> 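Input: one structure, supplied below.
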Amino acid sequence: MPSHGEKKSPGKLYIVGIGPGSQGQITGDATKAIRDSEVIIGNAAYLDQIAGLTSGKRVIRSSMGHEVERAREAVGLASRSRVAMVSGGDPGVYGMAGIVLEVVDNMGSSIPVEVIPGVTAATAAAALVGSPLSGDFAVVSLSDLLTPWEVIEHRLRAVVRAGMPLVLYNPRSRTRSANFGRAMKIVLDILPDSTPMALVRHAYREGEQVITLTAGEWETVEEQVDMHTVVIIGSEETRFWRNGNETRGIITPRGYHRKYVY
Ligand code: SAH
């Protein structure tokens, strides 16, 4: 508690999830935090997504791959001003929240920090596909920059064996183009070729693309999988979903059919 007469720090740091892309997917609280901030910091693609909210503010563009510097800079600025560090999707899912909170702790900073959640790529993509993640599910990132590849393989096997649908983030980059294929081989060691799966590229952004297929057909779409894509792979219970005569997407029944007649 500040003692009487002591000036309260003017600074504040928001770590704001801005959703997958479109204006409509930004939450009211995220909008409020950005409006309340004097300084907005984030990488260029995210800043473009919120350009409508940042006029008149100091905007600091940072590049990918410099997350630690960006976090330190944000914490430094937040000792004097209200700062919003923006992060795509949800900031706590492969986003900036973790590293910023670590830096706050390591620097011994006492600035007020608030994490604002956002719609993450997994649930945004799932909505476009139907309801493939209706019960338990897991997310695994195929980026081995911060996690060793053996650990990623171990987690993939564990999740698929546990019978959960799986969402792959960071599925295939130019420099790590083989990771997606390696992951699919692990999946197909355990699950049948007929398992429904989907690629969702640029969910809720310009150029949005949704492809549903079976896991056995993965090679036909490998070239389309990139770092703007999430991949959803069903479990044994997952099936394609019809809407009239059309196959519209994928669902994983949660189990109501075992309890109710409908
Ligand atoms: N914090 C983000 C994830 C960052 S990791 C979130 O919560 O969504 C970056 C990965 O997220 C990308 O490689 C891609 O796999 C996925 N991703 C993020 N936004 C996406 C979108 N709009 N469409 C498809 N995939 C997306």
Side-chain angles (χ1 to χ4, degrees), residues 14-27 29-30 33 41-50 62-67 70-71 74 84-102 115-130 132-133 137-147 152 155-156 159 165-184 197-212 218 221-233 249-250:
Y14 295 104
I15 310 164
V16 185
I18 58 168
S22 70
Q23 284 285 332
Q25 295 287 325
I26 301 180
T27 68
D29 280 354
I41 179 164
N43 80 39
Y46 300 145
L47 293 169
D48 289 346
Q49 278 178 36
I50 54 159
S62 51
S63 46
M64 279 286 195
H66 296 88
E67 287 84 4
R70 203 191 314 166
M85 151 78 72
V86 293
S87 192
D90 184 282
V93 181
Y94 312 117
M96 287 300 295
I99 180 62
V100 172
L101 298 186
E102 275 187 69
V115 182
I116 313 277
V119 176
T120 191
T123 52
L128 294 172
V129 165
L133 312 175
F137 70 95
V139 297
V140 174
S141 165
L142 298 191
S143 168
D144 51 3
L145 282 177
L146 302 173
T147 306
I152 297 173
R155 290 178 184 169
L156 286 170
V159 164
L166 168 66
V167 185
L168 302 177
Y169 280 64
N170 301 304
R172 188 168 172 271
S173 73
R174 253 168 288 159
T175 51
R176 297 183 304 277
S177 60
N179 289 9
F180 173 60
R182 292 193 201 157
M184 287 311 300
M197 78 178 251
L199 315 186
V200 180
R201 256 190 106 225
H202 288 301
Y204 292 91
R205 291 184 197 145
E206 216 180 295
E208 180 182 281
Q209 209 182 357
V210 180
I211 302 174
T212 53
W218 70 270
V221 295
E222 186 181 14
E223 290 301 314
Q224 276 148 280
V225 177
D226 62 12
M227 295 301 265
H228 306 291
T229 309
V230 276
V231 178
I232 299 176
I233 300 162
I250 296 175

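Predicted model only: the values in this text are computed from it and were never measured. Whatever order the structure lists them in is the order used to number ligands and atoms, beginning at 1.
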> Please test His202 against Gln209 for side chain to side chain contact (heavy atoms under 4.5 Å, CB included), starting from the C-alpha separation and ending with a verdict.
CA-CA 7 Å; His202 288 301; Gln209 209 182 357; over 6 Å; no

> What is the distance from atom CG of Asp226 to atom CG of Asn170, rounded to the nearest 0.5 Å?
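So the gap between those two atoms works out to 11.0 Å.
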
> Checking the side chain of Thr120 only, and the main-chain atoms of Thr123 only, is there a donor and an acceptor separated by less than 3.5 Å?
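Such a contact is absent between Thr120 side chain and Thr123 backbone.
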
> Side-chain contact test, heavy atoms from C-beta onward, threshold under 4.5 Å: evaluate it for Arg70 versus Ile41 and give yes or no.
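Sidechains of Ile41 and Arg70: in contact.
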
> Are the side chain of Tyr204 and the backbone of Leu128 linked by a donor-acceptor contact shorter than 3.5 Å?
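Such a contact is absent between Tyr204 side chain and Leu128 backbone.
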
> Which protein residues have a heavy atom under 4.0 Å from ligand 1?
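Under the 4.0 Å cut-off, ligand 1 touches Pro20, Gly88, Gly89, Asp90, Val93, Tyr94, Thr120, Ala121, Tyr169, Asn170, Pro171, Val200, His202, Ala203, Arg205, Met227, His228, Thr229, Val230.
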
> Starting at OG of Ser143, measure out to CZ of Arg172 and round the result to the nearest 0.5 Å.
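It comes to 14.5 Å.
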
